[in-house]
Amino acid sequence: GFPGYVIIHEDPWGIVQNFHWYQAGPFIRQYGIAAGRVVPKGQVNSEYMIAQAMPLYQAATAAGSADKAIPKLIYTAEETNAITEVVASLETYAKESTAAFCVGQLDINDDAAWQAYINELDAIGLPGVLEVVQGVFDRMYGG
């Protein structure tokens, strides 16, 4: 409902890149940059953001995508410990596989290669991670 511009926060390492898995698992992120905001040029201050941008964001979310969006999940120490190593292994395997698919070492159109990729994700522990994440969601949001 107002002319705005986008505030872009660089990634924490200041490295220009075109891929990431930054929020694939448990993470800590300040609420000030977690959702992103659009505000009128020259009006960038915390009071304006809270008073004007958030109600508009919440109204838009409630109107269309609230049932499709995964809300912020806060993990306990036990939940984090249960999946941290597995998530790291999954990230490494996914990055290596993405590169292999991109350069043609693996053929994404080959059903056997794709199934082998999925099977390896399962072998690394993806089902267990999904179980923990679902448990966190259920605990927080009564899923």
Side-chain angles (χ1 to χ4, degrees), residues 1-41 43-103 105-106 108-143:
F2 53 82
Y5 70 102
V6 177
I7 301 170
I8 299 173
H9 296 274
E10 291 184 21
D11 78 57
W13 298 276
I15 300 168
V16 177
Q17 49 94 39
N18 62 359
F19 70 93
H20 66 79
W21 281 71
Y22 292 155
Q23 295 180 9
F27 65 94
I28 297 172
R29 189 162 201 195
Q30 298 172 348
Y31 282 101
I33 62 171
R37 293 172 175 75
V38 176
V39 297
K41 191 171 186 173
Q43 297 292 321
V44 180
N45 62 53
S46 60
E47 293 84 21
Y48 188 87
M49 289 177 145
I50 293 168
Q52 300 294 323
M54 288 307 292
L56 293 172
Y57 172 78
Q58 292 166 350
T61 300
S65 62
D67 61 331
K68 298 178 184 98
I70 297 174
K72 184 174 238 23
L73 300 176
I74 300 171
Y75 295 79
T76 65
E78 294 80 19
E79 291 161 340
T80 301
N81 290 336
I83 63 173
T84 298
E85 288 183 28
V86 177
V87 168
S89 296
L90 287 167
E91 288 176 2
T92 299
Y93 177 68
K95 286 178 184 179
E96 290 171 354
S97 297
T98 299
F101 281 119
C102 288
V103 300
Q105 290 174 339
L106 295 173
I108 201 165
N109 294 313
D110 177 5
D111 289 340
W114 183 253
Q115 191 58 52
Y117 171 72
I118 299 299
N119 291 345
E120 186 61 22
L121 290 173
D122 289 344
I124 291 171
L126 180 59
V129 171
L130 294 175
E131 184 177 322
V132 170
V133 173
Q134 184 66 53
V136 173
F137 180 87
D138 292 346
R139 173 177 49 78
M140 291 181 67
Y141 301 100

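This structure is a prediction, so every number in the text was calculated from the model and none was measured.
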Listed partners of [X] passing side-chain contact (heavy atoms from CB on, under 4.5 Å), at least two apart:
X: A100; answer: Q105, L106
X: D122; answer: I118, L126, P127
X: D110; answer: D107, A112, A113
X: S89; answer: I124

In terms of heavy-atom contacts, does CD of E131 have more than 12 from other residues, nucleotides or ligands at under 6.0 Å? no
Please find the pair of heavy atoms, one from I74 and one from E79, that lie closest to each other, and give the distance. O-OE1, 4.2 Å
So which atom in F137 and which in L73 form the shortest heavy-atom distance, rounded to 0.1 Å? CA-CD2, 3.9 Å
Applying side-chain hydrogen bond (donor to acceptor under 3.5 Å, both in side chains), can you list everything that pairs with N119, at least two apart in sequence or on another chain? Q115
Atom CD in E78, atom CD1 in I83: separation rounded to 0.5 Å? 12.5 Å
Checking Y93 now: which residues fulfil ring-ring contact (aromatic ring centres under 6.0 Å, His included) with it, not counting sequence neighbours? Y117
